[in-house]
Chemist: 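This structure is in structure tokens; I'll ask about it shortly.
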Amino acid sequence: MPMMKRLIDAVTLGSERPLRRLIAYYAVLVVALGILLFLYPAANALLMSGEITTSVSPQILQDGLNAPAFVQEALGPGSLGELLINTMLVIAGILALMLPVTWVYMSARRVPGHDQSLVQTLLILPIVVAGILLIVQNSLALAFSLAGVVAAVRFRTTLDETRDVVYIFLAIGVGFAGGVHMLAIGIFTSVAFNFVVLLTWRYDFGRNVLQPTAASQWSEPLKDLAKPTNGNGAGVPDRDVMLALTPKKAEALAERIDRVRKVLGPNKKNPRFNSVLSITSDTVGEAQALMQKALDKLTKRWVLDEVVTHVGKPSEVYYLVRLGKSMSRDEFITGIREKAGDRIAAIDLELGDGVATAQNGAAP
Amino acid sequence: MNARLGCLLFGGFMVWGGCRPTSPASRKGEAELSARGQRLTTSLANVGMARTSALAKWILPREMGEISGLTLMSDGRLLGHGDETGRVYVIDPRRGAMLKRFSIGSAVDARADFEGITTMEGRIILVASDGMLYEFAEGEDGERVGFIVHDTRLGHECEFEGVAFDSARGFLVLPCKRVGARKLRDQLVLYRWQLGGSRDSILAPLTIPLRTVIGSNPWKGLHPSDITVDPATGNYVLIAAQEKALIEITPSGELVRAIPLPGKHGQAEALALTPDGILIVGDEATNRSAALTLYRWPPTASTPGPP
């Protein structure tokens, strides 16, 4: 597979666009198929079963006396060797056709995330279907037996998305094509399927104009939040940071904000805390014990917000504090340094809006 | 990127186009066929070569895997057919080339348990195991031809396994693989039927005691697979796949020879004889490919009489 990836990278000049990569893959496949047919012309029968050919141009039969005995006995038409080679080629062909289908399935999805078991099923199912068809062939009796077995062993599964069923149908179709030695039809079907799915996904074909796109469903609330003057007058100052958030990061941020809101208490004019104190220390336990005593003396109230431990660098400890009106930032930090300085690597204090305004106003 | 992609696609299609099966139309193909013809002539002329050695062997394509009958046309071409569908293959047996194939049936290939083929006054006859005869004319390559069905009404009496036209006497000879009548079960039975006639056209079957035919050979029975008429002598030559046997009898029912089949054969289901003494044996595909094997006729120097 790494070799195939390098080959596709070379053909697409490293492009990450799925459409280009898909075209490159099929180009490589066509060349590989050409080489295979050149070296093993009998493989042509796997692409287009001889049953549909109505005429034959005069053809030379293989010489059974002058050809090597092994070749004519073990690998000749209808021999066990030929059966093995053809079965292997059918399986390889099916895998080569279904591989890009799994890529398309994983990339061209309306909502992020995919079902791993379905991806694996898309590769395995057609091989099983082809194997069954190779056994059944034209036997009505075997077909009825198969129906009986399938009726006895029932599979029921629920797929997340309706479109996933189509992938399963395609897998069965390609398996059928391989099983009846009509891989040419399997090739055309899977190629058409992949490009149609990719293009409909790329251009969001069939979307209701009134319905927001999948991306906009999560980005719209963030955009609203990023407005300087939004509906509730609480716009986030850094608009770019807000718009750069992925759904996962936005969710984590929301959780954190929610936690802070709980700590801050109900929305009153005077919040319970007005500053955030952060320290870093190599000995968190000892630092916390010293900090507890210092904070009791220097603040009106305080609460431990979060401890972030690191390996190989000082851990971080965050406190929410309420400073008295007479306590300046410098006095507070000096006081902390005096009482716990030998256990603290760095210290920082972020003042709330009200405290900062008061202290700036008091400054000459 | 586009130029590179174009080159790859073009290269792929060029390779694709270059991998058609070898055709006699090509210069190389013609030379190969010519060499094969010369090799066969040389082998035939080589009196020092063992008579049981194969002169030539042609591997048949997969679609002929169930070859069930062979017959020679007056121009030396060989007709062969499969077991289940009415598809006829025309082969050049001396040079090993498939010349064409055609089917009987207007829309789809006629289906039956076809067991033998022969030619009769420019018409071709296929026989099914239930005694139905399918009469038709030769078709062009890939053509479908119409056919007429004749019911011998012998299906309950015999399971047929071949057919040959005795041109000297003007009737078809149909050997039984399994005989229905209890009193004939220890006999080798050959029905004789004049095409176009009614049931009255059935001549008395030719019967030879199996014990006489088997003689000292280690066969427990005899189940003929195909029959042909020796163009040189007019004798009937039968092949039995199960016993791997060759039987030659005169039209009056006298045994000429009963010998084991030369060479190794998985399932010899068909045979034909050329006027210049070449025996062609057709094998169904087993664990080996289906094949046509050519021997001298008769494959033994001496002519063993009845034991």
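Below, read A as the first sequence line, B as the second, and so on, with proteins coming before strands; counting in each chain starts at 1. These numbers come from a predicted model, not from an experiment.
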Chemist: Can you tell me which portion of Ala291(B) sits under 4.5 Å from chain A's heavy atoms? Options are side chain, backbone, both or neither.
Modeler: neither
Chemist: Starting at OG1 of Thr293(B), measure out to CG of Leu65(A) and round the result to the nearest 0.5 Å.
Modeler: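 Thr293(B) OG1 to Leu65(A) CG: 7.5 Å, rounded to 0.5 Å.
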Chemist: In sequence, state the C-alpha distance, the side-chain angles, and the governing distance for Gln59(A) and Leu99(B), and then conclude on side-chain contact (heavy atoms from CB on, under 4.5 Å).
Modeler: CA-CA 7 Å; Gln59(A) 81 183 70; Leu99(B) 305 174; over 6 Å; no
Chemist: Salt bridge between Arg95(B) and Asp63(A), side-chain N to carboxylate O under 4.0 Å?
Modeler: no
Chemist: side-chain contact (heavy atoms from CB on, under 4.5 Å), that's the test. Do Asp92(B) and Leu61(A) meet it? Break it down for me.
Modeler: CA-CA 10 Å; Asp92(B) 178 349; Leu61(A) 301 175; over 6 Å; no
Chemist: Does atom CZ of Phe176(A) have more than 12 heavy-atom neighbours, drawn from other residues, nucleotides or ligands, at distances under 6.0 Å?
Modeler: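 Atom CZ in Phe176(A) is not crowded, with 12 or fewer foreign heavy atoms closer than 6.0 Å.
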Chemist: Of the backbone (N, CA, C, O) and the side chain (C-beta and beyond), which part of Leu292(B) lies under 4.5 Å from a heavy atom of chain A, both, or neither?
Modeler: neither
Chemist: Testing the basics here: between Arg36(B) and Gln62(A), what is the closest heavy-atom pair and its distance to 0.1 Å?
Modeler: NH2-C, 4.0 Å
